[in-house]
Amino acid sequence: MADRTTLVLASGNAGKLREFQHLLGPLGHEVRPQQDFAVTEVEETGLTFVENALLKAREASRVSGFPALADDSGLDVDALQGAPGIYSARFAGEPKDDAANNRKLLEALEGVPEGQRTARFWCVLVYLRHAEDPVPHIVQCAWEGEILAHPRGEDGFGYDPLFWVPERGMSAAELPAEDKNRLSHRGRAMTALLAQLSGDS
Ligand SMILES: O=P(O)(O)OP(=O)(O)OP(=O)(O)OC[C@H]1O[C@@H](n2cnc3c(O)ncnc32)[C@H](O)[C@@H]1O
Ligand SMILES: [Mg+2]
């Protein structure tokens, strides 16, 4: 990525936008939400995070004319054989509802004892220089944790109140934003993507 790039974030998720602006703003990059360009949500028809991220990035770049960054992410819970996975945003059905998803996750794990509630967030980032970019930059990072029996904390978004971060002894929703950005699947994926992009113009 060139110095001081303007890019479109191929996401309608306000929590992701906040985190990417925090990660990339200090580096001089302008992260504009796809809503600025009237990009509408694409159907996430892929069977993998990477397929869905590609679909989102391509559409945002096509409509906006800017390079696009897409994030497809989700929670992979061992006791649920990887669910909710790529279906994390709509785990409890339509429309997307974080509180309903969290309730459904707690129900699904009822009776599963501590120690067997291991999980990880995945974040797959795709960066396209333009809509027909034949060589997308792709990174995939995980963040290991456990699913709590009760929500804790007010910050973050999505499943953060139920995601226990063992290395910090608190939930992801209790972590200061700066710390979440440094430790999380998204923060580490962004660092890896920037390393991959350095040298690109
Ligand atoms: O597709 P876009 O428009 O980017 O927005 P989305 O919210 O639908 O995003 P995804 O399709 O990637 O689904 C990701 C799901 O995983 C959850 N998730 C991802 N990263 C998270 C994080 O850092 N903390 C908590 N929940 C997260 C998020 O709340 C969604 O339910
Ligand atoms: Mg989505």
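In listed order, ligands and their atoms are each counted from 1. Since we're looking at a predicted model, the values are computed, not measured.
- Counting protein heavy atoms only, atom 17 (C) of ligand 1 is closest to Y159 CD1, 3.8 Å.
- Near S88, meaning under 4.0 Å from one of its heavy atoms, ligand 1 places the atoms 15 (C), 16 (O), 31 (O).
- Salt bridge annotation for K180-D160: present, with a cationic side-chain nitrogen under 4.0 angstrom from a carboxylate oxygen.
- Nearest N, O or S atom of E44 to the Mg ion (ligand 2): atom OE2.
- Within a 6.0 Å radius of CD in E167, other residues, nucleotides and ligands contribute more than 12 heavy atoms.
- Between F121, W122, F163, it is F121 that holds the heavy atom closest to atom 18 (N) of ligand 1.
- Close approach of ligand 1 to D72 (heavy-atom distance below 4.0 Å) involves ligand atoms 10 (P), 11 (O), 12 (O).
- Closest to atom 20 (N) of ligand 1, if we only count protein heavy atoms, is R186 NH2, 2.9 Å.
- The single protein non-hydrogen atom nearest to atom 24 (N) of ligand 1 is D160 OD1, 2.6 Å, given as residue, atom name and distance.
- Note on V50 and L47: same hydrophobic cluster, where clusters join Ile, Leu, Val, Met, Phe, Trp and Tyr whose side-chain heavy atoms are under 4.5 Å apart, directly or indirectly.
- Within the 4.0 Å heavy-atom shell around ligand 1 one finds K56.
- In this structure, a donor-acceptor pair under 3.5 Å is absent between the side chains of S11 and D71.
- The aromatic rings of F121 and F163 are tilted relative to each other, their planes meeting at an angle between 30° and 60°.
- Atom 29 (O) of ligand 1 has its closest protein heavy atom at G158 CA, 3.3 Å.
- Comparing A89, S73, P84 against atom 14 (C) of ligand 1, the shortest heavy-atom distance belongs to S73.
- Counting the atoms of ligand 1 from 1 in the order shown, those under 4.0 Å from a heavy atom of D71 are 4 (O), 12 (O).
- Ionic pairing of E107 and K104 is not present here: no N-O contact between side-chain nitrogen and carboxylate oxygen is shorter than 4.0 angstrom.
- Note: no N/O pair closer than 3.5 Å links N101 and ligand 1 by distance alone.
- Ligand 1 does not have R90 within reach: every non-hydrogen atom of the residue lies 4.0 Å or more from it.
- Close N/O approach between G12 and ligand 1 is found [any backbone or side-chain N/O within under 3.5 Å].
- Of the protein's non-hydrogen atoms, the one nearest atom 10 (P) of ligand 1 is K16 NZ, 3.5 Å.
- The shortest non-hydrogen separation linking P166 to E144 is CD-O, 3.8 Å.
- In this structure, E94 pairs ionically with R90, as a charged nitrogen and a carboxylate oxygen lie closer than 4.0 Å.
- Nearest residue to atom 5 (O) of ligand 1 from N13, D98, N52, L9 is N13 (criterion: closest heavy atom).
- Comparing heavy-atom distances from atom 23 (O) of ligand 1 across K180, E44, Q34, K96 singles out K180 as nearest.
- A donor and an acceptor atom, one from each side chain of T6 and R32, are nowhere located under 3.5 Å apart.
- Contact annotation for F157 and ligand 1: heavy atoms of both the backbone and the side chain come within less than 4.0 Å of the ligand.
- The two atoms that bring F20 and L125 nearest to each other are CZ-CD2, 3.6 Å, heavy atoms only.
- Contact detail for R117 and L106: the closest heavy-atom pair is NH2-CD2, 4.1 Å.
- Salt bridge annotation for E174-R168: absent, with no cationic side-chain nitrogen under 4.0 angstrom from a carboxylate oxygen.
- The shortest heavy-atom distance from L75 to ligand 1 is not under 4.0 Å.
- S184 does not count as a contact of ligand 1, since none of its heavy atoms falls under 4.0 Å from the ligand.
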